[in-house]
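Written below as structure tokens is the structure these notes are about.
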Amino acid sequence: MKTTTKYSPEVRERAVRMVREHRAEYESEWATMVSIASKIGCKAESLRLWVRQAERDAGERDGLTSSERDRLKALERENRELRQANEILRKASAYFAQAELDRRFKP
């Protein structure tokens, strides 16, 4: 079972800023993340994901920015809802067309 802990945007921003500020003090970026994650109380992998997303948002890394991801998610949701509505209308149309055919041929 997957559980998630929500961290406030302020905590995330602070953690990302700390990683950027203290990179030179550690032998690798990962070592920096492990150290800072233990101080904040989150997993190092979570911090790595936050840093990567911040880099994408700043244009330093290829990929979708947060706003683009949100927009894509909304469009996918809308697309799914429209497909469901289309399917309902298609079935209703077939039902009423069959009812109309049955009504015409009954004496």
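Basis for what follows: all heavy atoms, side chains included, without hydrogens, waters or symmetry-related copies. Keep in mind it's a predicted model, so treat the numbers as computed, not measured.
We find that Glu10 and Arg14 are not joined by a salt bridge, their nearest charged nitrogen and carboxylate oxygen being 4.0 Å or further apart. Between Arg90 and Glu87, at least one side-chain nitrogen of the basic residue sits less than 4.0 Å from a carboxylate oxygen of the acidic one, meeting the salt-bridge criterion. In this structure, Glu45 pairs ionically with Arg48, as a charged nitrogen and a carboxylate oxygen lie closer than 4.0 Å. Note on Glu13 versus Arg20: no salt bridge recorded, every NZ/NE/NH1/NH2 to OD/OE distance being 4.0 Å or above.
If you take CD1 on Ile40 and CE on Met18, they are separated by 5.5 Å, rounding to the nearest 0.5 Å.
For the pair Ser38 (side chain) and Ser35 (backbone), a donor-acceptor distance under 3.5 Å is present.
A 6.0 Å sphere centred on CD of Glu27 holds no more than 12 heavy atoms belonging to other residues, nucleotides or ligands. For CZ of Arg83, the number of neighbouring non-hydrogen atoms (other residues, nucleotides, ligands) closer than 6.0 Å is 12 at most. Annotation: Asn86, atom CG; neighbour count of heavy atoms from other residues, nucleotides and ligands within 6.0 Å is above 12.
A side-chain donor-acceptor contact under 3.5 Å links Asp57 and Ser66. Side chains of Gln53 and Arg69: a donor on one and an acceptor on the other come within 3.5 Å.
Between Tyr95 and Lys91, every side-chain heavy-atom pair lies at or beyond the 4.5 Å cut-off. Within the 4.5 Å cutoff, the side chain of Glu55 has no heavy atoms near those of the Val16 side chain. Between Ser46 and Tyr7, the closest side-chain pair of non-hydrogen atoms is not below 4.5 Å.
Counting all heavy atoms, side chain and backbone alike, Arg56 lies closest to Thr65 at O-CG2, 3.6 Å.
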